[in-house]
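Take this structure first; my questions come after.
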Amino acid sequence: MSHYGQEKYEESQLYKIRHSAAHIMAQAVVEMFPEAKYTIGPPVENGFYYDFDLPRNLTPEDLEKIEKRMRQIIAGKHDFIKKIMSAGEARVIFKDQPYKLELIDGLEKGGSDEYGNPLREKPEISIYQHDAFVDLCRGPHVDNTGRIRPDAIKLMNVAGAYWRGDEHNKMLQRIYGTAWESAQELKDHLWQLEEAKKRDHRKLGKELEIFIFDDEVGPGLPLWLPNGGVMIEEIEKLAKEMEEKAGYLRVRTPNLSKEDLFIHSGHLPYYAESMYPPMELEGVKYYVKPMNCPMHHKIFGSKPRSYRDLPIRLAEYGTCYRYEKSGELFGLMRVRSLQMNDAHMYCSEEQFEEEFMSVIELYYKYFKLFGIEKYVMRFSLHAKEGLGKKYVDNERLWLKTEDMVRRAMTNGNVPFVEAVDEAAFYGPKIDVQIWSVIGKEFSLATNQVDFAQPARFDLKFINKQGTEEVPLCIHRAPLSTHERLVGFLIEHYAGNFPVWLAPEQVRLVPVTDPQNDYAHQIVAALRDHGIRASADISAQRMNAKIRSAQLMKIPYMLVVGENELKAGSVSLRARDGSQQNNINLGDFIARVNDRIALRSSEL
RNA sequence: GCCCACGUAGCUCAGUUGGCAGAGCACACCCUUGGUAAGGGUGAGGUCAUGGGUUCAAAUCCCAUCGUGGGCUCCA
């Protein structure tokens, strides 16, 4: 949800409109399929959905009919009427609705609300009726269906969804809809979706020749084209600069190891399903590594460490492989081969807060560099029920490290939200959600406390008192993976990368063929100054050359014709369309190098 | 992994009730030497994702597999 501060979404008119639209949609669906079993239908960001168990699959034509019927129901101006009742009364009303009966059981026991979310207090059971449709519902709703603008709703798509979000349960059909207070808002929303599509990293990634996927190579295994290769080099350069300044040490580790390592680390039992299966040679099993940490732990443990050496920060752009389930793959955002901006920081408890905050500071530097203005730090905690299952079974250390993180964040004035039952198996973590300039949410950076693995690997250092102590470990990846970061940057910048990141920085455009040699000389001069440039000597007219450079979103075009050749100058056309004719090449080089050195977003 | 949709030239797509596989862009060659977002012509380019099936005949209908997408689940 992007509703922070101001009015709470749950109390807004928009929420009521969407919630009510969900009921109206359910009425239309139930009318169409009298044998339909309906389940739940809450408002969500930008709209609402409702899940149904239907006798057949819905088609796009069905959606049109349902939408049409919804408009009729809206026009009927039916009042929403609330009735509070006992579980027994509710059971009579919903006697043919097994999902509702299950929800009533939950409400009666007091364990969960009508959406299955855990509740502290036992809720009252209520129904809402409008027209001939009755739903088990807590509300709130608009007072009558006429409050919804018929031209401000739209059904979007049908998707599968498990009953109660549990993959062991039945797959239901979910209809997503969007609803707004006015037709203009709906229009704006649809426009924004169109804009987002134009920026989609899968589309732009292909057009700008950044990466491809190939069926024969395999799903989730991107091939980085030369342009993508440049971007990755630049990102690594950036990360290494930042990390060197911050005292990180670079290490390199192999892409596979014996099974023993991952048994030792504790990863195998938790993640065997999402690791590539082992290969066996001479009776020994080897796994391709899904993460770098165990290898880094080995490096830390390779010699005795003193408190004077701490903190030790081991960094590596390690390539990892994870067998993400087929349906989870998504462009560059979710892949099976990934290269992480990884590092493990080993420190004493006293050093923890400072180390932890240094990672947050790093985030802020990157946010500033990339112009990220909206972000939320999600502080993921363990859940007591998961101890010994999802989480390492040591409640004392969970509470202790969670408290350390909370204190560090609070002392550092870092705003955060807490998310229970979302921690890593070895400790609490901070995940950073960021929003691109067009308001699309991405989960990129992460830093995680690890109190479990150092002990498992028997890592220690000699403290001031001369006794052995187990260090804490912080896993951190401020730039996420190359895959995810590049995907984000493509959408964030819509392919209009800042000069330092642009795969090709300057395109020479000779006006006619006699200037081809001159263009090549300038390319050579630019390359001498570390600027990525090429000359377009194709048999096209100048206008077409400019067009193709614009389409590739190259920051600078240098037009050279007879005039420039005679004067020994260049004419600049920037990506934004601005022009400066007959400028000195040296001045241009100085300008470009300045932008690059500062990683400026200016042209 | 699950539900649904989709897969035609390098790219973007058309292809009627089953009847000889199409366009634009890109590419090659030729003409054009043009001053800030597409000059003109010619040509080459296809196992219609893959494998089966139905049919006189399949891009088209059916089944399976692979891949992609919208979601669900999951993300060390």
Side-chain angles (χ1 to χ4, degrees), chain A residues 49 51 54 56-60 156-176 200 202-203 206-207 209 212-220 262 265-275 289-294 320 322-331 333-336 338 340 342 390 422-427 429 431 443 446 448 450 452-453 475 477 481 484 509-516 538-552 557-564 571-575 577-581:
Chain A
Y49 67 79
D51 286 349
L54 300 175
R56 68 165 173 85
N57 290 321
L58 291 166
T59 64
M156 304 301 284
N157 56 334
V158 186
Y162 300 108
W163 166 235
R164 297 206 139 163
D166 185 334
E167 61 179 321
H168 304 292
N169 284 346
K170 180 157 187 185
M171 178 68 69
L172 305 168
Q173 294 189 69
R174 171 174 298 181
I175 305 177
Y176 278 98
D200 190 313
R202 293 165 298 186
K203 179 177 182 284
K206 195 184 278 180
E207 288 170 6
E209 296 181 13
I212 53 165
F213 286 97
D214 182 280
D215 287 2
E216 206 167 354
V217 175
F262 300 115
S265 71
H267 283 96
L268 203 49
Y270 286 93
Y271 295 111
E273 289 284 290
S274 48
M275 285 167 69
K289 73 174 169 186
M291 83 300 291
N292 306 300
C293 27
C320 298
R322 295 176 181 180
Y323 195 81
E324 305 286 4
K325 288 195 260 176
S326 58
E328 291 164 353
L329 299 174
F330 174 71
M333 295 301 170
R334 208 54 192 281
V335 287
R336 287 181 176 160
L338 47 116
M340 252 193 291
D342 210 2
K390 280 170 79 172
E422 288 186 15
F425 78 83
Y426 46 63
K429 62 173 180 173
D431 285 319
S443 292
T446 177
Q448 312 174 342
D450 186 346
Q453 289 192 65
H475 305 236
T481 64
R484 215 173 255 204
V509 178
V511 177
T512 58
D513 289 350
Q515 292 93 49
N516 284 354
S538 62
Q540 305 226 53
R541 296 186 62 205
M542 185 196 66
N543 279 15
K545 292 179 186 180
I546 286 173
R547 178 178 150 85
S548 59
Q550 284 290 162
L551 289 175
M552 291 304 280
M557 285 149 264
L558 291 182
V559 176
V560 288
E562 219 178 293
N563 301 338
E564 288 80 3
S571 284
L572 170 64
R573 178 196 163 98
R575 184 171 57 199
S578 63
Q579 283 182 46
Q580 283 171 271
N581 290 337

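Convention: sequence-line order gives letters A, B, ...; per-chain numbering from 1. Here the structure is a predicted model, which means the values were calculated and not measured.
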Atom-to-atom span, CE of Met291(A) to C1' of C75(B) - whole angstrom: 12 Å

Whole-Å distance separating the CD atom of Glu422(A) from the P atom of C75(B):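 For the pair Glu422(A) CD and C75(B) P, the rounded distance is 9 Å.
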
Gln453(A) side chain to Ser265(A) side chain, donor-acceptor N/O pair below 3.5 angstrom: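 Looking only at side-chain atoms, Ser265(A) and Gln453(A) do not form any donor-acceptor pair under 3.5 Å.
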
Check: G35(B) base within 3.5 Å donor-acceptor of Asn581(A) side chain: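 A donor-acceptor contact between them is absent.
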
Met557(A) and its side-chain contact (heavy atoms from CB on, under 4.5 Å) partner, picked from Gln579(A), Gln550(A), Met542(A):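 Result for side-chain contact (heavy atoms from CB on, under 4.5 Å) with Met557(A): Gln550(A).
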
Pair partner, U36(B) [Watson-Crick or wobble, under 3.5 Å]: none

C48(B) - base-pair partner by Watson-Crick or wobble geometry, distances under 3.5 Å: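 Matched C48(B) with nothing under the 3.5 Å cut-off.
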
Main-chain N/O of Arg56(A) paired to Gln173(A) side chain as donor or acceptor, under 3.5 Å: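 Such a contact is found between Gln173(A) side chain and Arg56(A) backbone.
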
Sugar-phosphate only, base, or nothing, as touched by Glu564(A) at under 4.0 Å among non-hydrogen atoms: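 Base contact.
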
N or O in side chain of Asn57(A) less than 4.0 angstrom from C4(B) OP1/OP2: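 For Asn57(A), the contact criterion (side-chain N or O under 4.0 Å from OP1 or OP2 of C4(B)) is met.
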
C1' atoms of C30(B) and A37(B), separation to the nearest Å: 26 Å

Salt-bridge present (Glu324(A), Arg336(A); N to O < 4.0 Å): no

Rounded interatomic separation in angstrom, taking CD1 from Ile546(A) and P from U36(B): 7 Å

For A57(B), the Watson-Crick or wobble partner whose two distances fall under 3.5 Å: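 A57(B) is paired with nothing.
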
Whole-Å gap separating C1' (C3(B)) and CZ (Arg56(A)): 15 Å

Contact state string [nucleotides 68-73 of chain B, B base, S sugar-phosphate only, - no protein heavy atom under 4.0 Å]: SSBBBB

Between OG1 on residue Thr446(A) and NZ on residue Lys429(A), distance to nearest 0.5 Å: 5.5 Å

Spacing of Lys170(A) atom NZ relative to C3(B) atom C1', expressed in whole Å: 11 Å

Sugar-phosphate, base or nothing in reach of Gln173(A), heavy atoms under 4.0 Å: nothing

Watson-Crick or G-U wobble mate for A28(B), both contacts under 3.5 Å: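 Here A28(B) is engaged in a pair, and the nucleotide opposite it is U42(B).
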
Rounded distance in Å between the P positions of G24(B) and G39(B):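 Result for the P pair: 16 Å, nearest Å.
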
Pairing partner of C75(B) (Watson-Crick or G-U wobble, both distances under 3.5 Å):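 Checking every strand shown, C75(B) finds no partner, since no pair has both distances under 3.5 Å.
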
Watson-Crick/G-U partner (both atom distances under 3.5 Å) of G7(B):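 Partner of G7(B): C66(B).
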
Residue whose nearest RNA chain B nucleotide is more 5′ - Gly577(A) or Ala423(A): Gly577(A)

Leu572(A) side, atom CG; Gln580(A) side, atom CD - distance, nearest 0.5 Å: 5.5 Å

Donor-acceptor pair under 3.5 Å, Ser274(A) side chain vs A76(B) base: yes

Touch class at under 4.0 angstrom, heavy-atom based, for Ser443(A) against every strand present: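 Since no nucleic acid heavy atom lies under 4.0 Å of Ser443(A), the category is nothing.
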
Touch class at under 4.0 angstrom, heavy-atom based, for Tyr270(A) against every strand present: nothing

Inter-nucleotide C1' distance (A26(B), G45(B)), Å rounded: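 11 Å, rounded to whole Å.
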
Under 3.5 Å donor-acceptor, Lys545(A) side chain and Pro510(A) backbone: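 Present.
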
Sugar-phosphate, base or nothing in reach of Lys390(A), heavy atoms under 4.0 Å: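 Nothing, no nucleic acid heavy atom in range.
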
Nearest-angstrom distance, C1' atom, A44(B) to G10(B): 13 Å

Presence of Lys429(A) side-chain N/O under 4.0 Å of A76(B) phosphate oxygens OP1/OP2: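 Yes, because at least one side-chain N or O of Lys429(A) sits under 4.0 Å from OP1 or OP2 of A76(B).
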
Touch class at under 4.0 angstrom, heavy-atom based, for Lys206(A) against every strand present: sugar-phosphate

Check: Arg575(A) side chain, A37(B) base, donor-acceptor under 3.5 Å: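 Check fails, no donor-acceptor contact within cut-off.
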
Euclidean distance for P, G40(B) against A58(B) (whole angstrom): 40 Å

5′-ward residue of the pair Gln448(A)/Glu207(A) relative to RNA chain B: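 Going by which nucleotide is closer to the 5' end, it is Glu207(A).
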
Pairwise P distance for C4(B) and G46(B), with rounding to whole Å: 36 Å

Over all atoms of both residues, closest heavy-atom pair of Pro269(A) and Phe262(A):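 Residues Pro269(A) and Phe262(A), closest heavy atoms: CD-O, 4.4 Å.
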
Pairing partner (Watson-Crick or G-U wobble, both distances under 3.5 angstrom) of C13(B): G22(B)

Protein proximity profile, nucleotides 26-31 of chain B - base contact B, sugar-phosphate-only contact S, no contact -, cut-off 4.0 Å on heavy atoms: ------

Rounded distance (Å) that lies between atom C1' of U33(B) and atom CZ of Arg541(A): 9 Å

Integer angstrom distance from the P of C6(B) to that of U17(B):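 C6(B) and U17(B) have their P atoms separated by 16 Å.
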
Pro290(A) backbone acceptor or donor facing Arg322(A) side chain under 3.5 Å: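 Flag set: sc Arg322(A) to bb Pro290(A) pair under 3.5 Å.
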
Whether Arg484(A) side chain and Ser443(A) backbone form a donor-acceptor pair below 3.5 Å: yes

Integer-rounded Å distance: U65(B) P and Glu216(A) CD: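 Rounded to the whole Å, the gap is 21 Å.
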
Spacing of Asp513(A) atom CG relative to U33(B) atom P, expressed in whole Å: 11 Å

Nearest-angstrom distance, P atom, G35(B) to C48(B):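 Here G35(B) and C48(B) have their P atoms 46 Å from each other.
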
Side-chain H-bond candidate by donor/acceptor type, Arg164(A) with Tyr162(A), under 3.5 Å: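 Absent: no donor and acceptor within the cut-off.
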
Listed nucleotide nearest any side-chain atom of Met542(A), set A76(B), A37(B), G35(B): G35(B)

NZ/NE/NH1/NH2 to OD/OE distance under 4.0 Å, Lys325(A) and Glu167(A):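 Looking at Lys325(A) and Glu167(A), the cut-off is met.
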
Tyr323(A) and Glu273(A): side chain donor to acceptor below 3.5 Å: no

